[in-house]
Amino acid sequence: MTTLGWALADRNNFLVRVNPFSVIIGITPERKIIVMSRARVFDLFLFMASLAIAFGANHAVVLDHTYILALILYWAFSSFYYQLRIVTRSGNSNIDYAISYTSSFGIFAGPLGTFLFEVFYRFTVFFYKKKTKTADPGEFLDTFYNIGSFALGGSASYYLYTLLYPFAEKIPLGVGYWLLFLLVVCVTTTLSSGFIVITFALSGDITTRHEAYNIMFKNRNLLDFSKVTLTNALLLRLLQMEKWEMLIALFLLNYIVSLSFYSKSQSAQHKFERDKFEQMAYQDFLTGTFNRAHMDKMMKELGQSGENIGVVVADIDRFKKINDTYNHAVGDRVIIHFAETLKAHLQEKDILFRSGGEEFTIFLRNKTFEQCRTQIQEILDDIHEHSVTAEFEEENITVVYSASFGLYYYKAAPGQKTSIEKGYVCADQLLLESKKLGRNRLSWKNELELPES
């Protein structure tokens with residue numbers, strides 16, 4: 001019953017959190033004074049509007065022991081759930097996972113009851129963030145926005161439900177009740193998103209209808225609406241029947257599911273971060289290929305694999321002259337082009353590394369010697385047919401280059417006289433031989449054709 005929250009977007013100096021059918025907004029102090037004032041005026045307007053509706057409504061809940069007990073339960077579990085909210089980042093946006101029970105409590109408690117609940121709960125969150133030193137500079141005023149926004153949403157739920165329930169009741173098998181609750185959730189969600197649009201419009205963070213539409217309706221789906229509808233509809237039924245044991249059980253079920261989801265999400269996030277760190281540790285920043293550290297790691301893994309491996313060492317001919325004639329930026333463009341050409345000719349299980357400045361190493365796996373030699377020759381032909389376009393002194397230039405290769409083919413298995421490390425050294429020597437023979441060529445050696453000693 002955990003629900004997926006909407007995007008939490010960081011827009012300039014705004015920090016906006018959009019939960020399922022709820023909005024939490026904060027404004028950092030860097031905003032210009034006039035913009036901040038307009039936004040804060042709207043915050044206070046929402047608070048005052050919710051206050052006026054709460055104390056001016058004719059249909060307010062009786063503040064008896066039933067309401068007090070419901071208030072305590074909702075306050076306690078909402079406070080627990082706040083600590084389990086999950087925020088993950090994707091590009092420039094975050095996804096906020098949270099649970100909102102505004103609809104059910106709003107319908108049960110009416111405008112005044114909802115307002116009082118929001119005051120208790122939002123200030124609990126405020127003091128918690130102060131204690132944990134996670135509060136934003138404008139957290140106190142943000143709390144008034146949150147009270148107003150949520151209380152108005154709860155009040156809207158109450159009035160809409162009260163107005164349409166007599167009609168929904170006529171639909172057989174209780175279907176009308178669920179459809180009505182789905183409508184309530186959709187309307188209050190749209191209202192919550194509308195507050196965000198107004199706030200952004202006042203601050204100048206949105207200037208087009210398309211941007212407003214994205215905030216109002218992007219990432220909405222029926223499954224999310226249905227989850228919130230089911231949870232809140234069940235809670236309201238239990239409240240109306242005063243089934244406190246079942247109400248607590250439903251809250252606990254939500255809490256356990258949320259805790260489990262939170263733990264799994266945290267584990268997934270940690271794994272993602274570890275994988276990302278490992279990827280960064282083993283990836284060459286310029287070309288995106290694997291680096292020398294990963295090459296050393298793979299040498300240990302493949303050294304005893306029993307595979308036939310073609311170890312290829314290649315570099316760009318007269319690369320220093322390219323740097324001296326132009327600059328290092330042009331040289332980098334040539335290296336990138338060379339790496340992309342090598343990547344384009346890789347086959348399944350082949351591995352490419354940037355083993356030096358302009359030097360690359362390839363492990364060609366599970367191929368015959370002739371297949372390895374043919375593959376490298378295709379790379380040579382490709383380089384000969386293409387050139388690099390780069391910017392130099394505010395002009396586009398074309399750089400033609402060539403490359404030399406050394407191929408050492410052998411079997412990586414225990415008991416063999418050649419290790420993969422030695423195979424790399426041999427391939428490097430074959431590269432030097434290609435240089436001596438005039439560059440732009442491949443020199444090779446097939447160890448498997450030699451008689452065993």
Side-chain angles (χ1 to χ4, degrees), residues 284 286-287 289-292 295 299 308-347 350-365 367-390 392 396-411 418-451:
D284 175 59
L286 179 65
T287 62
T289 61
F290 291 119
N291 59 17
R292 183 60 183 262
M295 177 177 156
M299 279 184 170
N308 291 344
I309 297 179
V311 181
V312 180
V313 179
D315 77 358
I316 300 169
D317 295 331
R318 298 185 176 90
F319 181 72
K320 184 177 182 302
K321 183 179 179 181
I322 295 174
N323 275 338
D324 293 343
T325 303
Y326 303 105
N327 54 36
H328 287 280
V330 174
D332 286 347
R333 288 295 307 152
V334 175
I335 290 175
I336 293 170
H337 183 272
F338 186 43
E340 293 298 326
T341 303
L342 296 175
K343 287 180 193 177
H345 290 270
L346 292 182
Q347 298 175 7
D350 294 343
I351 313 174
L352 172 64
F353 313 90
R354 186 183 179 191
S355 47
E358 72 275 16
E359 180 187 281
F360 291 82
T361 299
I362 310 173
F363 293 160
L364 303 177
R365 303 172 61 187
K367 295 181 175 67
T368 66
F369 171 72
E370 287 302 324
Q371 288 173 331
C372 292
R373 189 168 66 174
T374 300
Q375 189 171 343
I376 301 304
Q377 188 58 53
E378 290 174 352
I379 296 174
L380 277 166
D381 295 340
D382 196 353
I383 294 172
H384 179 70
E385 294 172 359
H386 295 86
S387 58
V388 182
T389 300
F392 177 66
N396 289 328
I397 62 170
T398 299
V399 181
V400 178
Y401 72 96
S402 64
S404 299
F405 293 79
L407 166 62
Y408 188 81
Y409 186 79
Y410 85 114
K411 186 178 184 67
T418 303
S419 65
I420 192 168
E421 290 82 6
K422 185 178 179 181
Y424 168 72
V425 172
C426 293
D428 192 48
Q429 291 174 342
L430 290 166
L431 168 64
L432 294 177
E433 185 176 330
S434 294
K435 298 285 189 180
K436 293 177 182 178
L437 293 174
R439 300 180 175 85
N440 191 27
R441 66 186 65 230
L442 167 66
S443 297
W444 67 83
K445 184 175 183 180
N446 182 1
E447 186 182 89
L448 301 186
E449 288 183 346
L450 299 177

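Numbers here are sequence positions counted from 1.
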Measure across Leu430 and Lys445 and return the closest heavy-atom pair with its distance rounded to 0.1 Å.
CD1-N, 3.7 Å

Give a yes or no on this: more than 12 heavy atoms of other residues, nucleotides or ligands lie within 6.0 Å of atom NE2 of His345.
yes

Is the shortest heavy-atom distance from the side chain of Lys422 to the side chain of Tyr410 under 4.5 Å?
no

Short N-O contact, Glu370 and Arg373, less than 4.0 angstrom
yes

Is there side-chain contact between Leu286 and Arg354, with heavy atoms separated by less than 4.5 Å?
yes

With a 4.5 Å limit on heavy-atom distance, are the side chains of Asp284 and Phe353 in contact?
no

For Thr287 against Ile336, the heavy-atom pair lying closest together:
CG2-CA, 4.5 Å

Nearest heavy-atom approach of Leu364 to Lys367 is CB-CD, 4.4 Å

Given Leu442, Ile362, Asn446, the one that forms side chain to side chain contact (heavy atoms under 4.5 Å, CB included) with Leu407:
Leu442

CG-CD1 distance between Asp332 and Ile322, expressed to the nearest 0.5 angstrom:
11.5 Å

Applying side-chain contact (heavy atoms from CB on, under 4.5 Å), name anything that partners Asp428, two or more places apart in sequence or on another chain.
Val313, Glu359, Leu431

Pair Glu447, Tyr408 - check side-chain contact (heavy atoms from CB on, under 4.5 Å), show working.
CA-CA 7 Å; Glu447 186 182 89; Tyr408 188 81; 2.3 Å; yes

Only counting residues at least two apart or in another chain, list the ones meeting side-chain contact (heavy atoms from CB on, under 4.5 Å) with Asn308.
Tyr409, Lys411, Leu448

Can you list the steps and then say if Lys343 with Glu340 is a salt bridge (charged side-chain N to carboxylate O under 4.0 Å, His left out)?
CA-CA 5 Å; Lys343 287 180 193 177; Glu340 293 298 326; 3.3 Å; yes

Of all heavy-atom pairs linking Ala314 and Phe338, the shortest is CB-CZ, 4.0 Å

side-chain contact (heavy atoms from CB on, under 4.5 Å) assessment of Leu346 paired with Leu342
CA-CA 7 Å; Leu346 292 182; Leu342 296 175; 5.7 Å; no

With a sphere of 6.0 Å drawn around CZ of Arg333, does it hold more than 12 non-hydrogen atoms of other residues, nucleotides or ligands?
no

Quick one: pull up CG in Asp350 and SG in Cys372 and give me the separation to the nearest 0.5 Å.
8.0 Å

Using 30° and 60° as the class boundaries, would you call the ring planes of Phe392 and Tyr326 parallel, tilted or perpendicular?
perpendicular

Roughly how far, to the nearest 0.5 Å, is CD1 of Ile351 from OG1 of Thr361?
11.5 Å

From Asn323 CG over to His328 NE2, what is the distance, rounded to the nearest 0.5 angstrom?
5.0 Å

Quick check: closest heavy atoms across Phe319 and Gly331, and the distance to 0.1 Å?
CE1-O, 3.4 Å

Could you walk me through whether Trp444 and Phe405 pass side-chain contact (heavy atoms from CB on, under 4.5 Å), step by step?
CA-CA 8 Å; Trp444 67 83; Phe405 293 79; over 6 Å; no

So CG of Asn440 and OH of Tyr401: to nearest 0.5 Å the spacing works out to 11.0 Å

Distance col, row Arg439:CZ vs Ile316:CD1, nearest 0.5 angstrom, shows 13.0 Å

When you look at Gln371 and Gln347, which way does the side-chain contact (heavy atoms from CB on, under 4.5 Å) test go after all the steps?
CA-CA 11 Å; Gln371 288 173 331; Gln347 298 175 7; over 6 Å; no

We want to know whether Asp317 and Ser402 form a side-chain donor-acceptor pair, criterion being a heavy-atom distance below 3.5 angstrom.
yes

Decide whether Ser434 and Ser404 meet the rule of one side-chain donor and one side-chain acceptor closer than 3.5 Å.
no

To check you understand the geometry: which heavy-atom pair defines the closest contact between Ala339 and Thr289, and what is its length?
CB-CG2, 4.3 Å

